[in-house]
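Beneath this line is the structure, given in C-alpha cells, with notes to follow.
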Amino acid sequence: MINYIFKRILYAIPILIGVNLLTFTLFFVVNSPDEVARLHLGNKRVTQEQIQSWNEQRGYNFPLFFNQSETGLNVIKKTIFYEKSVKLFYFDFGISDSGRDIKYDIKQRMWPSLAIALPSLLVGLMINITFALFFVFFRATKVDYIGVIFCVALMSISSLFYIIGGQYLISKLLQLVPISGYAQGVDAIKFLILPVFISVIYGIGSGTRWYRSLFLEEIEKDYVKTAKSKGLSEVSVLFNHVFKNALIPILTGVVVILPLLFLGSLIVESFFGIPGLGSYTIDAIQSQDFAIVRAMVFLGTILYIFGLILTDISYTLVDPRVRLK
Amino acid sequence: MINDLKNIFLLSIFLFGCSDNPLNSPYSDNNSSQNILYSSFQERPKHLDPVRSYSSNEYAFLAQIYEPLFQYHYLKKPYELIPLTATKLPEVQYLDSNFKVTKKVKNARYSKYILNIKKGILYQNHPAFFKEKSKYLYHSLELDDLKNINTLSDFKKSSTRELMSDDYIYQIKRLADNLNHSPISGVMQEYIYGFTEYKEQLSKLNNISGEKRVSYLKNNKMLGIKKIDDFSFSIILKKPYPQFVYWLAMPFFAPMPWEADLFYSQQQLKKKNITLNWYPVGTGPFMLTENNPNLRMVLKRNSNFRGEVYPSLKDKIKNKKMYSENKEKVIPFIDEAIFSLEKEQIPRWNKFLQGYYDNSGIASDNYDQAVSLNSSGDITLTEELKEKGIHLSMATAASTYYIGFNMLDGTVGGKSNRAKYLRQAITLAIDYEEYISIFANGRGIVAQSPIPPGIFGYQDGIKKYNKTIYSFKNKRIVKKNIEKAKILMEKAGYPNGINQKNGKPLILYFEATGSGADTYSFLNWLRKQFKKINIQLVTRVTDYNRFQEKMINGTGQIFQWGWNADYPDPENFLFLLYSKNGKVKYSGENASNYDSKEFDKLFIKMKNMRNSIEREKIIDQMLSIIQEDCPWIWGWHPKSFSLSHGWVENVESNLMANNTLKYKKIKLNSRNKNIKSWNKANFTLLYILAFLIFLLILSVFFMVRKKDREKIYD
C-alpha cells in the first residue's frame, strides 16, 4: 500500500505543476504586474514611480520565466514564476499583495469554515440516507414518486433562495437566531444553527436522490434476492444487506470531500458573515489579490488529490476484496 | 408539553449564555448595559497605516485613532478648519529666494508654515513604548519571545509617552519613503522643500530595512522641515500653496512615533501579521483593540485621551486660536464602538431594523422600504421607519461623477469647432435628471460644472448655471430643447447622425467597466440618449485593469469617471482639467486630457488665492470656458442618505470630517427597551413544525411496519 501511495503522490506532482502553470498564466498573461500594482495602490494620484516601487518590493519586477540578465540558477530563480509559484511546492505561500502572511491567515480562517462544513456534512448525510432508505423501502409507490418530485423541486431552487428565505423566516419573522455573524468558541453555536440548517435543506434534494439510486442499484442484486428468499423482512434486508453494501460508494463520495471542507463555502460564508476560507478566497478574487488566489487554488488542488488518495485507502478498509498495488 | 419544548429548544441552543438578551441578538448578554455604538462595514479596510490610507472606509477607523494637526468643525458649513492637536491655525510666512521673511506676496518664493502642538497629549498605551531599565523591552524581539504572541494584546506590558513635534516630522519623512507607497508622495514632492531630495536618498537605501531604516529616518533631516522645539516645527513649501493646510488635516500628516515604526519593522512580528498596517497607534479618542476585519473591528476609548469639548455653532477663531462656547471636556461620549463586517445588503438592513446596528445607509434595494415622497414632493421616511423612531439625514457629497471625452481622440476630441459642437450636442442630449431618477433613486443633483455644492464657486443652477445646456426663459432656468442638439450636430458636420464627408453614420465608443444588471441597464439607457441625436453608441465593457490601460494610453473615446474631494476647495476639482495633470502626458488626474491655455492661466492664478469675490469671478470665467468646450458631460453630485435610530444623538451630516465617532452619544435605556420589544422570539411555527415532524415520524413508523408485515405475509 505504501508503494501505491508513493506512486499516487508522484502522479500528483505533474498535476500540481499543470494547475500552477495554468493559474500563473491566467494571472500574469491576462494582467500585467503594473495593472495589479495600480489596483492595489488605489485610484487616486498613483504615479509610475510608485508602481515600480510596489513591483520591486513584491518581486514583480523580475521577468516571467527566464531572467537573461542573471547567470547560473538565478536565470530561473530570479523570475516571477519561481518566486510566486515554485515556492508554493514547499508550502511557502508568502505574503499577500496587501502585505499579510498568507499561511497565518489560512490557519486562522480554516476553523470557521470547518465549523459550518462538518456539521452540515454529518447532519446532511444522516438525513439524506434516512430519506433515501425510506423512498427505497416504498419504491415504485406513490410515496417514492412524490418523494422524488419533492427532491427534484428542492434541487431546482437556487441556494440564494434558501439563504435569503431562511434568514427572513428564522431570523426576521421568528427571531430565533441572529441573521448573520460569528463568535469564537461555544458562542459560535447560535450563529452556526441557521447556515448549517440551510446547507442541510439545500443538500437534501440531490443527496437523497444520489443515495436512493445507490440503494436501488444494490437492491436489484442477487444477494438481496437470496436474503429475501430466506424469509428476511424488508427492513432487515435493507439495513443489514443493502445499506452495508451501498456504503462503499457513499464512503467514496464522503471521503473525497473531507479535506475540501476546510476550504469553506463562498456564498454561505459571505451571506452569514462567517470569516472562513470561502470568504477569504472570494475577497481575494474581488480585490485581485493574486498571491492569495494562487495559494488557495494550489491548496485546493492538494486537498483534492489528498481526498482521492484517502478514498482509495478507505476502499481497502470497507471492502476486503480491494487491494492497492 | 409546549413549555417543555420551549425549554429544550432554549437549553439546546443557548446553553452557553443568553438569558436576558433576545434570541436573535448577535451580541453577548453583558454588552447591553455598556455604552457601545454598533455599526457595520462592507469592505475590509486595506490599509490602516496613515501613510498609505486614502479611502473613506479606511478613514472610518483611522480618523478615530490618529490625530493630525487640524480637523473640520463638526457643525459648521461651509466647512471650517479648526486646531486638533495644534494650539492654533498655522502661521504662514512668505520667504524670498534667500529664505528671508518678506511681507510682499509678489516677492514670495517660498512659504513657511509654523506649527505648534498642544502639550500633554499622550499616545495610547502600546508595547512599543515600554521600557525596562531605560531600554525598550520589545524593540529587539527573538523568535522565542513570540511563542505565545499572536495579536498585539498578547504583549503583557505597555506604556505611553507624550506627543512631540518629532512625531509629525517623522511621519512626513515616511511619506517620502518609496517603500511605504504613499499615494500623496508625488503631490508632496511638488510642494515640500527638500522632499524630492530626501526621497531620492531613501530610494538608494532600498535594501536597508528594519532598525537601520528607522534610524535613518529619525536622524536624517529633510531640508524643508525644521524642528523648532519639542512642541513646534516648521514646513517650507517650494511655492505658496494655501490648500496645504487642508492636507495637514488628513491622516497622512498624523504623528507617528518612531518607537512604533521600529517595533513593527521587526521581521518576526511581520510573520505573525502584527504590523503597523494592522495595529495603529495614535493619540486619538479611540484605539483599535480588536482588528479582525473578516468579522469585526472594535474601537475602545483611549484611557490616555486628554478629552475635548463638544463643538458649538458659536465657536469662534480669533487670532488663529479656537474659542469654544463649551468648556467641559466630555468627548468621547461612548466607551466602545463595534463594527461588524456585513457584506450583503439584506442581513445588514434587517439587523438595522432589529436595532442591532445603530446606523445604516440606504441601499437601492431597500430604498422603497426606507423613504417615500410626501404630497409636496419632499423625501421622507416611510411610516414603518417613523414608528421605530428612525432619523434620516441627507447631505450632498463633495463628489462629482461625469462622462468624459478623450480630448486626444480624433472624433470627439481636439480644439476644432466641429468637435466642440459634437460634444455640446451630446451634452445636451444626455438627460441627467432622468439618470438620477432611474439609477440613483433621485439621490443626487445635476452638475453644472465640476464643483459640487458646499465648495466655493459652486453653481447652483438657479443664479448661476451652465449656459451651454440651460437657458433663462419665463423667469426660470430650463434645459435647451433636443432640437438645439440636432442643430449643433448639423454644425458639427453630422446632420441626422450622418457624417457629411463620407455619408456614413457616426459611431462613437463608450468605455465601460463592471458587469451585472445595473451596468447593462445603464449602458442601454446611455445608448438611448445618444440615439436621440442619431448617434450610434458602441459600448465596450472591459475589466477595470483594461479600462485603466486605455485611459493611460489615451485609446479610449468616451468614459465615465468620478472624483471625491480631498479637501473643500475648488482647486481640488478644477485641477482635474488642468493640462499639466493630463493622464496621457503627465500620468495625472485629468483623464480627458483637456488642454486649454486660457483655462490653465486662470487656474494658476486662482489656485493660490483665498476665497474672495475676485477668486469667484476667476472661477466663473474658468467654468464658462469648460462649459463651452465640454470636455466632460457635467454629470451629477450624489446625495448621501443615512439613517440612525432615535437613541443615537449628535448625528450631523459632515462629509469632510472623518473623526466623528467621538461626537456620537447613545441613549442606552431607549435602545435596550426597543430592542427587546422588537425582537420577541416567535415559537408558534416551531411548535407546529415539531408537531408535524412528530406526526411524520409516527406515520412513517406505522407505514413501514404495515408494509413490512404485508411482505412477510405475502
Side-chain angles (χ1 to χ4, degrees), chain A residues 31-32 35-36 38-42 44-50 53-54 56-57 95 98-101 104-105 109 134 137-138 143 164 167-169 171-183 185-187 189-191 193 231 233-235 270-273 275 279-280 283 287-288, chain B residues 13-18 22-26 28 44 46-47 54-55 178-179 181-187 203 206 270-273 275 277-278 292 294-295 340-344 346-347 350-351 354 356 544-545 548-549 566 587 589 679-683 685-686 700 703-704 707-708 711-712:
Chain A
N31 285 299
S32 69
E35 285 164 353
V36 179
R38 202 168 284 121
L39 202 86
H40 282 273
L41 288 169
K44 287 168 92 174
R45 303 181 190 272
V46 180
T47 60
Q48 194 54 38
E49 191 188 4
Q50 284 168 347
S53 155
W54 192 89
E56 274 171 25
Q57 207 178 359
I95 304 288
S98 58
R100 284 181 62 80
D101 189 278
Y104 182 87
D105 276 350
R109 298 185 70 155
F134 178 69
F137 187 80
F138 288 100
V143 175
I164 296 168
Q167 285 183 330
Y168 180 77
L169 182 74
S171 301
K172 202 186 172 196
L173 282 186
L174 304 181
Q175 303 186 324
L176 296 173
V177 289
I179 292 179
S180 64
Y182 190 73
V186 285
D187 288 339
I189 294 174
K190 66 175 174 179
F191 295 103
I193 291 171
S233 73
E234 184 79 10
V235 174
S270 191
F271 264 84
F272 287 100
S279 52
Y280 186 53
D283 286 349
S287 62
Q288 296 198 17
Chain B
I13 301 176
F14 300 111
L15 196 65
F16 308 100
C18 306
L23 288 180
N24 62 353
S25 168
S28 67
R44 155 177 117 71
K46 266 188 186 171
H47 306 291
Y54 201 12
S55 66
N178 263 340
L179 296 187
H181 310 295
S182 177
I184 64 158
S185 76
V187 185
S203 64
N206 272 358
K270 282 183 185 171
K271 280 191 178 166
K272 297 241 172 191
N273 283 336
T275 62
N277 217 10
W278 207 253
N292 184 359
N294 311 306
L295 181 63
S340 306
L341 177 69
E342 208 68 77
K343 285 184 193 164
E344 304 297 332
I346 299 169
N350 285 330
K351 273 179 164 174
Q354 287 174 335
Y356 294 126
Y544 193 66
N545 290 343
Q548 284 268 30
E549 198 181 284
D566 290 316
S587 304
E589 299 297 336
N679 295 287
K680 283 179 183 154
N682 181 356
F683 290 98
L685 196 78
L686 202 71
V700 165
M703 277 163 72
V704 170
K707 200 179 173 201
D708 208 29
K711 289 213 168 176
I712 292 167

Q) A:Arg45 and B:Val187: side chain to side chain contact (heavy atoms under 4.5 Å, CB included), yes or no, with the steps? A) CA-CA 8 Å; A:Arg45 303 181 190 272; B:Val187 185; 3.4 Å; yes
Q: Determine, stepwise, if the pair A:Glu35 / B:Gln548 fulfils side chain to side chain contact (heavy atoms under 4.5 Å, CB included).
A: CA-CA 8 Å; A:Glu35 285 164 353; B:Gln548 284 268 30; over 6 Å; no
Search all heavy atoms of [X] against all heavy atoms of [Y] and return the closest pair with its distance.
X        : Y        : result
B:Phe683 : A:Leu176 : CE2-CD2, 3.9 Å
A:Lys172 : B:Gln354 : CA-NE2, 3.8 Å
B:Ser185 : A:Gln50  : OG-NE2, 3.5 Å
B:Leu23  : A:Gln175 : CB-O, 3.8 Å
B:Val700 : A:Phe134 : CG1-CE1, 3.5 Å
A:Ile179 : B:Pro347 : CG2-CB, 3.4 Å

How many angstroms lie between [atom1] in [X] and [atom2] in [Y], if you round to the nearest 0.5 Å?
X        : Y        : atom1 : atom2 : result
A:Tyr182 : B:Asn294 : OH    : CG    : 12.5 Å
B:Lys46  : A:Leu41  : NZ    : CG    : 8.5 Å
A:Tyr104 : B:Lys271 : OH    : NZ    : 14.0 Å
B:His181 : A:His40  : NE2   : NE2   : 11.5 Å
A:Ser180 : B:Ile346 : OG    : CD1   : 11.0 Å

With distance as the sole test, does [X] use its side chain to make a donor-acceptor pair with the main-chain N or O of [Y] at under 3.5 Å?
X        : Y        : answer
A:Lys190 : B:Ser25  : yes
A:Ser53  : B:Asn178 : yes
A:Asp101 : B:Asn273 : no

Q. How far apart are the C-alpha atoms of A:Asp283 and B:Lys343, what are their side-chain angles, what is the distance that settles it, and do they pass the side chain to side chain contact (heavy atoms under 4.5 Å, CB included) test?
A. CA-CA 10 Å; A:Asp283 286 349; B:Lys343 285 184 193 164; 2.9 Å; yes
Q. Given the rule in the side chain to side chain contact (heavy atoms under 4.5 Å, CB included) test, do A:Leu173 and B:Leu685 qualify, once you have shown the distances and angles that lead to the verdict?
A. CA-CA 10 Å; A:Leu173 282 186; B:Leu685 196 78; over 6 Å; no
Q. Can you say whether A:Val235 sits under 4.5 Å from chain B via the side chain, the backbone, both, or neither, judging by heavy atoms?
A. both
(Q) Given heavy-atom pairs under 4.5 angstrom as the criterion, report whether the side chain, backbone, both or neither of A:Phe191 touches chain B. (A) side chain
Q) Do you know which of A:Lys44, A:Arg38, A:Gln167, A:Gln48 has the most heavy-atom pairs with chain B at a distance under 4.5 angstrom? A) A:Lys44
Q | Most contacts with chain B, counted as non-hydrogen pairs under 4.5 angstrom, among A:Gly181, A:Ser270, A:Gly99 | A |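 If we count pairs closer than 4.5 Å to chain B, A:Ser270 comes out on top.
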Q | Flag if over 12 foreign heavy atoms under 6.0 Å of OH, B:Tyr544 | A | yes
Q) Side chain, backbone, both or neither: which part of B:Asn277 has a non-hydrogen atom closer than 4.5 Å to chain A? A) side chain
Q. B:Lys270 versus A:Ile95: any side-chain heavy-atom pair under 4.5 Å?
A.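 Side-chain contact under 4.5 Å: no.
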